[in-house]
Amino acid sequence: MSTPTATPSETDTGTRWWSIEPDAIARELHTDTDRGLTSAAAAERLAAVGPNALASAPPPSAVRIALGQLAELMTLMLIAVAVVSLLIGQITTAIVVGILVAYNVVQGTRQELKARRSVDALAKLQTPQARVLRDGQIELVDATALVPGDIVDLEAGDLVPADGRIVRSATLETQESALTGESLPIEKGRAANPPDAALADRTAMLFQNTSVTRGTARMIVVETGMRSEVGRIATLLSTVSNTRSPLQRELDGLTRVIGIVAWAAVFVIIAIGAARGQEVGELLFLGTAVAISAIPTGLPTFVQSLLSWGATHLAKEKAIVASLADVETLGATSAICSDKTGTLTLNEMTARTIWFGGSHYQVTGGGYSFDGKVLRAAGEPVQASRVGLAVSLPNDATVSIDGAVVGDPTEAALIVLAAKLGVDADATRREHPRIAEVPFDSDYKFMATFHHVTVDGQDRLIEFVKGAPDIIVGRCATRYGADGTTAPIDADEVTAVLETMSASGLRTLAIGARFLDAEDEASVVSDPMSYVTDLDLIGIVGIVDPLRPSSKIAVDIAQRAGIEVRMITGDHAVTAGAIGKELGLGAGAISGADLQKLDDAELLKDLPDLHVFGRVTPQDKLRLVQLLQSQGEIVAMTGDAVNDAAAIKQADVGVAMGSGSEVTKQAAKLVLTDDNFATLVRAVELGRIVYDKITSYLRFQMSQLVSLLLLFLAASAFSIADGVALFPGMVLFLNFFVTLFAVLAIAADEAPPGIMDRPPRNPKLGIVNGGALAEWGLYGFAIFLASWVPLVWGPDEPSPTEPSHAMTMAYVVVGLGTVISAVLMRRSPETGLAAPIAAVAKLLVWPVVIIVVSTEISFLQNIVGATSLTGPEWLVCLGLLVLVTGFVEGHKWILRRVGAGRAARYASTP
């Protein structure tokens with residue numbers, strides 16, 4: 001065991017304070033538990049160790065982020081196009097491209113600034129003031145001014161301002177779910193713990209930002225600031241770096257591919273032109289036209305707009321994303337690691353069952369709502385008054401009608417149980433005040449109170465006791481029957497009841513009673529403990545932190561969608577396993593201690609059969625997320641406590657609950673404002689819809705890119721219009737006006753049916769895969785052939801400098817082909833001509849109008865470089881587009897037939 005050094009500023013952060021006696025710690029820290037530090041000593045230590053606050057890294061500047069946006073490959077390509085356009089005098093082209101670059105950079109910078117997170121919010125977790133013993137006097141000081149060696153007094157309702165070793169306490173319990181994930185209050189006391197005690201088992205310690213739910217305490221401050229347990233989590237957070245989302249990584253790869261293809265095409269076309277002896281100015285003009293047609297200038301804007309659409313819809317569903325890219329990542333989620341307390345459960349203790357008179361009674365309703373009933377077997381009335389008195393009188397908690405609780409959560413559950421039995425606990429306690437009590441203490445594990453009651457017209461004393469079943473049953477001689485009579489206790493019967501409740505994940509609490517004569521009052525008041533014997537057992541109550549009503553449905557949907565759900569909690573593995581069974585999770589539960597005995601290879605081998613993890617540490621949660629990610633999983637980690645923050649930050653989609661700690665929300669990429677696990681599943685569905693729309697857009701956009709590249713390459717190879725298949729103005733007009741409405745139509749399209757019945761997409765497959773490349777190439781080739789026909793067999797010879805009917809017809813075929821492509825390629829392999837199509841058709845009327853007016857109105861003709869077409873020429877263009885439609889839909893029909901055949905063969909395979 002390590003021991004503290006004499007100088008507080010040099011204290012070893014690995015010191016096992018919980019295993020050292022308080023007197024020894026006081027000597028080592030040069031403090032006095034009865035007088036505290038002197039003001040001078042406290043000031044000296046504060047200067048040495050620093051304030052009791054949590055450090056955070058400065059956020060990056062907007063300029064730095066903007067420069068990073070400028071360094072993106074797509075942006076650099078657009079800048080190059082703008083510069084060349086200026087050099088060759090294409091001022092309009094340069095301005096339009098420049099505006100696009102500026103828009104992309106500004107929008108990207110704004111989103112990046114919003115997405116950045118730090119541990120600044122941890123500072124908000126500090127208690128503003130603390131009661132500190134200094135110079136022999138209690139005084140209020142800012143929590144940030146606490147130093148190792150300070151003596152702090154605490155009582156019920158206080159937040160612990162720093163990590164401290166308990167000097168003395170009375171009936172002390174703290175709620176540590178924010179730190180350890182343990183849903184129940186923890187009994188605390190002065191007795192030292194073993195050096196290897198887990199964080200949740202260090203009952204001799206109080207930890208910063210946990211709350212005192214019962215009793216009083218005095219503690220020696222041993223760790224402050226970044227050296228506290230919360231500070232260590234903050235340090236752990238700083239070791240977890242933000243990673244780019246799967247979509248960002250895939251689009252990065254796609255951009256590189258596009259860049260290589262585009263500039264290779266530009267090089268080839270310019271080389272062909274140079275070989276023909278074209279002038280440098282003409283070659284630069286041709287290269288600009290090709291570059292504009294080859295670079296999907298609208299890609300960043302569309303993806304960002306669609307992600308923004310997803311973020312807006314998520315907000316309506318009460319899910320707030322930190323970054324637009326996180327919207328798509330949700331759709332790729334293949335594994336969810338969920339915290340239990342407050343996420344899958346209500347974090348509100350609830351009496352679920354009562355064993356009384358040899359019978360079991362089920363309690364309906366959840367949380368601290370008084371709505372619910374006590375259901376009993378026919379002909380077996382529950383003794384409502386006796387049970388109601390027994391749970392109301394030895395109880396210090398209060399629960400308001402709106403569910404607000406003051407006091408111990410378990411006692412609050414008993415108050416609600418009394419209400420469901422028809423007993424008003426507050427009124428009962430006023431009517432039967434205590435004349436004596438034995439306060440709860442972790443040493444004897446029960447609470448007893450004594451009251452006056454009238455029985456058959458006689459004034460008698462009654463004692464009610466509640467506490468740990470093994471202790472209470474051991475002090476009972478008899479138990480009550482359903483008819484109010486007593487009978488000897490059957491130890492085997494009681495043991496079976498306790499085992500059944502424990503196996504169901506219930507925390508058990510026994511209640512007993514004893515009648516005394518009124519003349520015994522004086523002796524009871526003088527020595528109440530001596531009367532906690534010869535009790536009659538009233539019954540046993542089973543209490544649980546119940547599931548949210550929507551959690552099981554949400555887990556079922558997630559599993560149907562091929563998402564593996566695991567529960568990771570600070571609760572004991574037995575309790576967690578029972579909750580996991582109720583949720584319908586897969587088999588296998590393991591405790592944190594057993595988990596830590598497995599190396600990574602062993603854990604990965606066992607992981608498919610493990611779905612419930614109990615009594616885990618923050619490091620365990622982080623390790624599990626990292627191991628799942630190492631297997632190619634896209635991991636969502638949910639939680640609401642500080643101890644979840646590191647794993648949440650590491651996860652591909654960190655999900656915090658809106659009621660959770662501020663640090664957890666700051667580390668997360670998604671915050672569920674309604675704390676509803678079902679909202680996460682809905683968010684995954686929206687993420688899938690967004691990704692489906694992005695793939696539809698890319699199918700559409702890349703087909704256009706392929707068709708234009710082939711058009712320019714063919715024009716150069718066959719010396720048509722010196723390689724200028726379309727004027728730069730035509731390409732820009734198509735990209736900025738016609739394509740805009742096509743993109744809006746794809747975005748407005750309804751979600752394909754059964755999207756949550758599909759397995760998660762394989763992130764290793766990526767957007768650029770064999771099937772996608774085949775589609776892009778085939779559909780692009782079809783549009784190319786249709787637009788190539790008028791260039792070769794048109795009514796006139798296309799010119800690189802003057803408008804022509806042939807080039808205008810090619811422009812019309814490409815433009816209207818863009819409109820038709822938006823309809824056809826919005827879905828695959830499903831037909832794009834099936835309903836619902838009305839919303840898409842309404843939007844696509846506008847680009848048709850734009851194409852028509854740009855070829856018929858003179859000032860637009862001058863901008864685009866087009867000329868008016870005759871009626872027969874328009875009919876030829878439309879006929880060519882019919883052929884394109886038939887080709888694309890025919891190919892998708894083949895894909896559907898092949899897919900159906902494979903599915904049938906798979907289904908028939910034994």
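Sequence positions, counted from 1, serve as the residue numbers for this chain.
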Practice problem: Would you mind checking if E685 and R682 are paired as a salt bridge, meaning a charged N to carboxylate O distance below 4.0 Å? | Solution: yes
Exercise. Quick one: do L705 and M702 satisfy side-chain contact (heavy atoms from CB on, under 4.5 Å)? Show the steps, please.
Key: CA-CA 5 Å; L705 183 150; M702 298 306 291; 4.3 Å; yes
Exercise. Just jot down the side chain to side chain donor-acceptor pair (under 3.5 Å) partners of S703, sequence neighbours excluded, or say none.
Key: none
Exercise. Report the distance from atom CG of L860 to atom CD1 of I851, rounding to the nearest 0.5 Å.
Key: 12.5 Å
Quiz prompt | Shortest non-hydrogen contact from A332 toward I634 | solution = O-CB, 3.3 Å
Quiz item: Does a side-chain heavy-atom distance below 4.5 Å link F781 with L710?
Solution: yes
Quiz item: If you measure from CD on Q701 to CD1 on I694, what distance do you get to the nearest 0.5 Å?
Solution: 13.0 Å
Exercise. For the residue pair S334 and E564, confirm or rule out a side-chain donor-acceptor distance under 3.5 Å.
Key: no
Exercise. Only one of K892, R896, E889 passes side chain to side chain donor-acceptor pair (under 3.5 Å) with T831; say which it is.
Key: E889
Practice problem: In sequence, state the C-alpha distance, the side-chain angles, and the governing distance for T333 and L680, and then conclude on side-chain contact (heavy atoms from CB on, under 4.5 Å). | Solution: CA-CA 11 Å; T333 300; L680 171 60; over 6 Å; no
Quiz prompt | Any donor-acceptor pair under 3.5 Å from K669 side chain to A636 backbone | solution = no
Quiz prompt | Atom CH2 of W874 with >12 non-hydrogen neighbours under 6.0 angstrom | solution = yes
Quiz item: Taking Q559 for the side chain and D556 for the main chain, is one N or O donor matched with an acceptor at less than 3.5 Å?
Solution: no
Practice problem: Before giving the answer on side-chain contact (heavy atoms from CB on, under 4.5 Å), spell out for L670 and I320 the whole-Å C-alpha distance, their side-chain angles and the decisive distance to 0.1 Å. | Solution: CA-CA 6 Å; L670 180 75; I320 309 300; 5.9 Å; no
Exercise. Identify the heavy atoms of G815 and L734 that sit nearest to each other, and give their distance.
Key: CA-CD2, 3.5 Å
Practice problem: Identify, with sequence neighbours excluded, every residue that meets side-chain contact (heavy atoms from CB on, under 4.5 Å) alongside R699. | Solution: T695, S696, E775, W776, Y779, M825, S828
Quiz item: For the residue pair I746 and A822, what are the closest heavy atoms and their distance?
Solution: CG1-O, 4.1 Å
Quiz item: Tell me, do R761 and R688 make a side-chain contact under 4.5 Å, heavy atoms counted?
Solution: no
Quiz item: What distance do L880 atom CG and I783 atom CD1 have between them, rounded to the nearest 0.5 Å?
Solution: 12.0 Å
Practice problem: Look up atom CD1 in I336 and atom CD in E633, then write down how far apart they are to the nearest 0.5 Å. | Solution: 11.5 Å
Exercise. Output yes when a side-chain donor or acceptor of R826 lies under 3.5 Å from a complementary backbone atom of V823, and no otherwise.
Key: yes
Self-check item: Shortest non-hydrogen contact from A715 toward W788
Solution: N-CZ3, 3.7 Å
Quiz item: Is a salt bridge present between D757 and R560, judged by a nitrogen-to-oxygen distance below 4.0 Å?
Solution: yes
Quiz item: Any side-chain heavy atom of L791 within less than 4.5 Å of one from F718?
Solution: no
Practice problem: Rounded to the nearest 0.5 Å, what's the gap from OH on Y811 to CG on L869? Could you check? | Solution: 10.5 Å
Practice problem: Apply side-chain contact (heavy atoms from CB on, under 4.5 Å) to L686 and L330, showing your working. | Solution: CA-CA 8 Å; L686 277 171; L330 277 164; over 6 Å; no
Exercise. Verify whether one side chain among S868 and Q861 offers a donor that lies under 3.5 Å from an acceptor in the other.
Key: yes
Quiz prompt | Spacing of OG belonging to S787 relative to CG belonging to L816, to within rounding of 0.5 Å | solution = 12.0 Å
Self-check item: Heavy-atom closest contact (A866 atom, T808 atom, distance)
Solution: CA-OG1, 3.5 Å
Quiz item: Would the number of heavy atoms belonging to other residues, nucleotides or ligands and lying under 6.0 Å from CD of E797 be above 12?
Solution: no
Quiz item: Is there a donor-acceptor contact under 3.5 Å linking the side chains of Q704 and T818?
Solution: yes
Quiz item: Around E750, counting heavy atoms of other residues, nucleotides and ligands shown, do more than 12 lie under 6.0 Å from its CD?
Solution: no
Exercise. Give a yes or no on whether the backbone of H805 and the side-chain of D796 come within a donor-acceptor separation of less than 3.5 Å.
Key: yes
Quiz item: Less than 4.5 Å apart, any side-chain heavy atom of F700 and any of L698?
Solution: no
Quiz item: Sub-3.5 Å donor-acceptor pair from the side chain of T885 to the main-chain atoms of L881, do we have one?
Solution: yes
Quiz item: Taking only residues two or more places apart in sequence, or in another chain, which ones meet T679 in a side chain to side chain donor-acceptor pair (under 3.5 Å)?
Solution: D674
Quiz item: If you take all heavy atoms of F712 and L726, which pair is closest and at what distance?
Solution: CZ-O, 3.4 Å
